[in-house]
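Chain A is the first sequence line, chain B the second, and so forth, proteins listed ahead of strands; every chain is numbered from 1.
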Amino acid sequence: MARVLVIIPAYNESESIADVLDALKRHAPDYDVLVVNDGSTDNTSAIVKRMGSADIIDLPFNMGIGSTMQTGYKYAVAQGYDIAVQCDADGQHPVEQLSRIVDGVVAKKADMIIGSRYVSDTAYTPSIFRRVGKSLLSRLVDSVVGGGITDTTSGFRAMNRAVFGTFARTYPDDYPEAEALVIMHRHGLKAVEVPVDMQPRQGGQSSIGPRRAAYYIVKVSMAIFIRMLKRITHAPDRGESDTAGSDLVEKTESR
Amino acid sequence: MDDTLLQISIQPGHRIAIAILSLLLVGLVLELVRRDYLKEKYALLWVATSLTGLFIGIFPGILTWLTHTLKFQLLTTLYALSFLYTLGIILAFSVIISRLVERNRVLAQEVALLGNRVRHLEEGDDHV
């Protein structure tokens with residue numbers, strides 16, 4: 001059976017992290033869980049340690065979602081997992097539908113399966129800037145990558161070792177989801193999406209406020225453009241055997 | 001504008017001042033390196049800057065020649081040169097900072113991963 005690691009990036013998520021871990025224990029008891037605490041100033045780390053159902057890595061200071069997720073991918077490589085899943089700590093991602101995205105990767109339908117947002121709750125109305133930004137970005141990514149992915153910024157995604165092994169080497173710093181798809185494309189890795197129902201946030205603050213929308217679009221568009229010009233320095237690890245035992249101190253490609 | 005006008009724009013007093021300032025900069029840079037406030041690697045950049053200044057102080061003809069060739073005024077030449085030079089140095093620093101940021105990121109990640117392993121080793125579980 002495939003060893004699955006659910007990676008939860010967490011920055012000041014003390015209001016919701018316990019519920020997410022509880023839900024994981026209920027709905028996905030076979031998956032290991034890793035919380036990567038991105039320098040939280042609240043007691044997120046203490047809550048996770050007290051519950052004991054998840055492993056935890058505490059980053060020494062706040063590094064942003066990209067570096068946080070990459071730490072999780074490095075851990076997954078070092079521990080020899082077959083599949084890694086990204087899942088938010090704020091309770092928006094439907095843990096009970098995890099198997100839908102994981103099973104697709106197990107069945108080798110694609111290298112990555114993205115659970116895309118079809119929010120049923122009408123209380124969730126993102127700002128106009130955010131919606132326009134996301135739609136523009138999705139079109140840009142789709143024009144580069146193809147495959148008709150509509151929700152390129154969804155952080156609810158499962159991937160095989162070829163993908164997270166690549167991400168352990170090179171991963172964007174901030175707003176990484178869309179650019180990560182371009183990195184995959186450049187390494188010949190394929191992503192598909194399946195619809196999932198997302199929940200409204202349970203607590204904490206969104207990491208993307210409407211004021212950041214302009215920066216978001218410019219930064220990610222430029223990053224995608226530059227990413228297409230960069231040289232590929234590593235071939236993805238497609239091997240099924242466990243060759244990744246001691247990758248903890250592997251050199252990271254600079255971006 | 002003829003050559004005589006250009007020549008008198010840099011008077012001997014000015015040339016001496018430029019040379020002295022350049023020598024002072026060399027001295028300051030060497031002192032900073034001696035006190036370990038400045039790495040030799042980056043000091044080279046500043047020593048090169050000072051020596052350029054000294055060179056111009058001794059041979060101001062290079063400035064007047066450049067001004068004449070580019071059909072500039074002397075002030076424009078000086079301004080363009082110093083602006084481009086400053087821009088180049090700032091760009092070099094941006095590259096250096098980017099490399100430091102990347103290394104800082106990798107280091108912090110390694111520290112966090114090692115911290116996790118140490119905790120498991122101390123707790124004596126078979127996870128590691």
Using only atom types and a distance under 3.5 Å, with no angle test, would you say the side chain of [X] pairs donor to acceptor with the backbone of [Y]?
| X | Y | result |
| --- | --- | --- |
| A:Asp58 | B:Ala112 | no |
| B:Arg105 | A:Met63 | no |
| B:Gln109 | A:Ser67 | yes |

(request) Please lay out, stage by stage, how A:Asp55 and B:Arg119 fare under the test salt bridge (charged side-chain N to carboxylate O under 4.0 Å, His left out). (result) CA-CA 10 Å; A:Asp55 198 2; B:Arg119 196 160 49 80; 3.5 Å; yes

(message) For the CD atom of B:Glu102 and the CG atom of A:Asp173, what is their distance to the nearest 0.5 Å?
(response) 7.0 Å

(request) Would you mind checking which part of B:Arg99 comes under 4.5 Å of any heavy atom in chain A, side chain (CB onward), backbone (N, CA, C, O), both or neither? (result) neither

(message) Which residue in the set A:Ile57, A:Leu59, A:Val36 passes side chain to side chain contact (heavy atoms under 4.5 Å, CB included) when paired with B:Leu113?
(response) A:Ile57

Neighbour count >12 (heavy atoms, 6.0 Å) for atom [atom1], [X]:
| X | atom1 | result |
| --- | --- | --- |
| A:Phe225 | CZ | no |
| A:Met222 | CE | no |
| B:Ile62 | CD1 | no |
| A:Phe61 | CZ | yes |

